[in-house]
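Numbers restart at 1 for each chain; the letters A, B, ... are given by sequence-line order, proteins then strands.
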Amino acid sequence: MSAAILEVRALRTRFRAPGGTLEAVRGVDLDLHEGEVLGLIGESGSGKTVTGLSILRLLPESASTEATLLRFRGRELGGLSSEAFRALRGSHLAMVFQNPAGAFNPAKTVAWHLSETFRRRAARGREAGRREAVADWRAAAETLLREVGIAEPARILRLYPHQLSGGMLQRVLIAMVLALEPDLIIADEPTTNLDNIVERQILALFRRLQRKVAASIVFITHDMTVAAALCDRVAVMYAGEIVELGPAAEVFNSPKHPYTQGLVATATALSGGGRLREIPGEPPSAFERLPGCHFAPRCSHVRAACTAAQPTMRRVGAVHEARCVLYD
Amino acid sequence: MPLWRRRLGALVRNRTALAGAVIMAVLLAGITLGAELMPYSAVDMDFANILSPPSWAHPLGTDSFGRDVLTRVLYGGRISLLISFAGVLIAAAAGTLTGMASAYHGGLTDAALMRFSDLLFAFPSFVLALFLMVVLGFGVQNVILAIALVYFPIFARLARNTTLLIKEEPFVQAARLMGQGTLRILFREILPNIAAPLVVQASVGVAFGIVIEAGLSFLGLGVQPPIPSLGVIMADGREYFQRGPWVLTLTGLVISIALLGLNLLGDGLRDLTDPRLRRQAEL
Amino acid sequence: MMKTGSGTAGPPLLRLDDLVVEFANRHREPGAPRRFRAVDGVSLEIRPGEVVGLVGESGSGKTTVGKTLLRLYEPRAGRITFRGNDITHLGPAALKPHRRDLQMIFQDPLSSLNPRHTVGRALAVPLLLHRICSRAEVSSEVGRILASVGLSAAMRERYPHELSGGQLQRVAIGRALTLSPALIVADEPVSKLDVSVRAQILNLFKDVQAQLGLSLLFITHDLHVARYLCHRIGVMFFGKLVELAPTEQLFSRPRHPYTEALLGTLDDELRKGERAERDFVVGADMAGPGAAAGCRYYARCPIRREVCAAAHPPLEALEAGCFVACYERGSLTGRAS
């Protein structure tokens, strides 16, 4: 197992809301290894997006985050000033958002966006003592766009964001992220709003990205099949914590936590015949905090121990864990 | 928790809105109860006490006829507020109906109504009001009408724009699919959803309506004495400014406070009803 | 004009003939045409009690077909026939009696309900509007409808923003059912729902459809979801219907290359490195108006030939209720070219 590029321990994030305090993330531990794609799977309210935003300090004023450990390449992030962190975020840490349009200035062309990216990279290079001539950035931009599968880069450079489809925007955004050559990318549901065929293309692109640039990626998604196909390891989140963690193929083929089992069943069942297996009930809202296991109200294997106390992670395989009393 | 209680809770937490509400509550208490409780008359003259400066007996002094200024301001405030409120109400009703109909039908109707509205809107509000007073003649009713005409285009456009946004929403389409008629859709489905910005606009409108009325009456073109609107009081105060500056200035101060209160209330309401702020909770 | 199937039960409930719907082309690049055809000559039949799926990506026109048949959009050309009546150009008054029979479930359940009305009111409105029951009976009727979609009667006091996506969609389904419609157009009803809730709503659709024997036009971008519910599935691409077949036939023997692409799994895509590379470079999710002349799928098609660039192939019948629009796969495999 390669070195851990990101280490997180006991991450908690709370929001001040009119109805009280909302605990969106309740103690998340994870490691991201060099060159790995880690999937963070969950539905709405699971805390997966907030986890990503917490790590990158992209949360609004009303949020407060704490962690016993938050290290990037051995460097403790918690103590960094906003300035220092922002510098790090612009150069080594990057995020790809669910709605690509939000990342663009609607009054500027694609060319402008790419040139800005190059300019920032050059500025960062100057700080680190490297001189970078970005003389012919247009050619560099076109190469980059071709890398992400855009057939006519010259034409696309002239267009404005609103003239591009979602898939195209997402490709351009990935190109911009690539240009920065970050060490760590957090991708928050980058393909959720895209059609299936385009989605598959973007996912193939991520695969290529990972190999080419040796980036480490945290891939946030609600789609089990996407995670199974793209990720090396997956962490399944429910109600603000990780309930199962392990190699993607293993979690998908033999899920241990009842919630994961339900997700996998729904994902695969549509191909078979017969009635779809349902998970009854709904995911809990972030306001509801129960004393015991949060999945208990919907679980078909529930027993007394479940509602008594918060279950801890149990080992269910060589590198596979699940948060369930079934595996004592 | 019922919707109105939640809203009330939110109102209390928003400092701006709360401050505005408090100021307005105090003023309203003053012009309703306070006016009745004052021992002085607003119109009876007392030549023994002409132009006496502010004192315990007369907190805002007396005017050139010996009348207690505070009493006159309280009664005058009532009148100014009623005039402004009436004008804005007419503007809101007419403007909203026009705007909604315009947006829903689109096409030539929309274009025509909006051009008419733009025509009115092109004039600076006070100039338009002045012009209307000259054309229509003086007096309370015409001031109300002038304010209504000045504010009509704002409500019309606001209602039109918000309706345009709402009418494509799925729930409106669902209502059409139910077979609901146009009128029903406009009033049951659309109006409740565009009410918030209209209310905000109304509170700001009342504030400036008071200014317009005061201005018109100050120039002698609006409310005519002896009816004591705020503008009339100020006109009187200007005449005798050198001997009794408190009349003009203190009345002006009261108007400023009323304006402040209404604006704060409007701002606060706007913050409360901003859908973007609500989205922060949806992470 | 296509007849879409050998007879099962009697005359079709709904029939679309060469439907064309155009929109103004906003945000267009300089040089692109002013109007574009969201739906370009679609013909389809839906029989009583049948579930027909309409599958395609965004921009394929599938949602537009659904909304146009309900007359939410006006067609540019073509005919909509419902129960033998031509409803294509009927005015609101003439259309009203048909409104009871044609209902819709929208993609985003939250915006399909008036945020200022309680659930109870949302359900009561259609009941009272069409005089389905008296004022006195409304309350119990609302309770009954809520129960039939798996919600408790206490829901009637709640506002839409207090409900989850799954609950909202149930309310929307309940509302559609209040009028006992003959046909419901379901526009991607589960795409915005959590995965763990999707199965519940799909099962609800299945149960309701079976119990009430109503027809469903099920619009979705996910072929596998369509498979679970539909008797027949139509595949749309850029405004055209490119394949139409009974469900199992579509899956076991897809004819059109686009259908095959949709059926391809994620795993295949990622493993087949070269194929992924090729698909990927085309960037043809913007196969725009320029492609208007020939087959719409030309830019992405792995089996395209010269004849394909000339004109878009017509939808033609093959065996057993299967239709495809492709020169290569259809029976018109031009020997001449």
### Task
Kindly indicate whether the side chain of C/Ser196, heavy atoms from C-beta on, has any atom under 4.5 Å from the side chain of A/Glu278.
no
### Query
If you round to the nearest 0.5 Å, how far is CG of C/Leu193 from CD of A/Glu43?
10.0 Å
### C/Arg253 atom CZ, over 12 foreign heavy atoms within 6.0 Å
no
#### Entry: Qualifying salt bridge (charged side-chain N to carboxylate O under 4.0 Å, His left out) pairs, either residue in residues 249-264 of chain A, two or more places apart
none
### Message
With a sphere of 6.0 Å drawn around NZ of C/Lys192, does it hold more than 12 non-hydrogen atoms of other residues, nucleotides or ligands?
### Response
no
## Note on the structure
Looking only at heavy atoms, the pair that brings C/Ala199 and A/Thr266 closest together is CB-CG2, 4.3 Å
### Query
Within a strict 4.5 Å, meaning less than it, do heavy atoms of the C/Val195 and A/Leu263 side chains meet?
yes
### Task
Locate the shortest heavy-atom distance separating A/Gly281 from C/Val197; write the atom from each residue and the value.
O-CG2, 4.2 Å
### Per-residue contact mode, A/Arg158 against chain C (heavy atom under 4.5 angstrom)
neither
### Message
Please check this pair: side chain of C/Asp194 against backbone of A/Ser44, looking for a donor-acceptor N/O pair closer than 3.5 Å.
### Response
yes
### Task
Hey, could you give me the CD/CG distance between C/Gln200 and A/Leu276, rounded to the nearest 0.5 Å?
11.0 Å
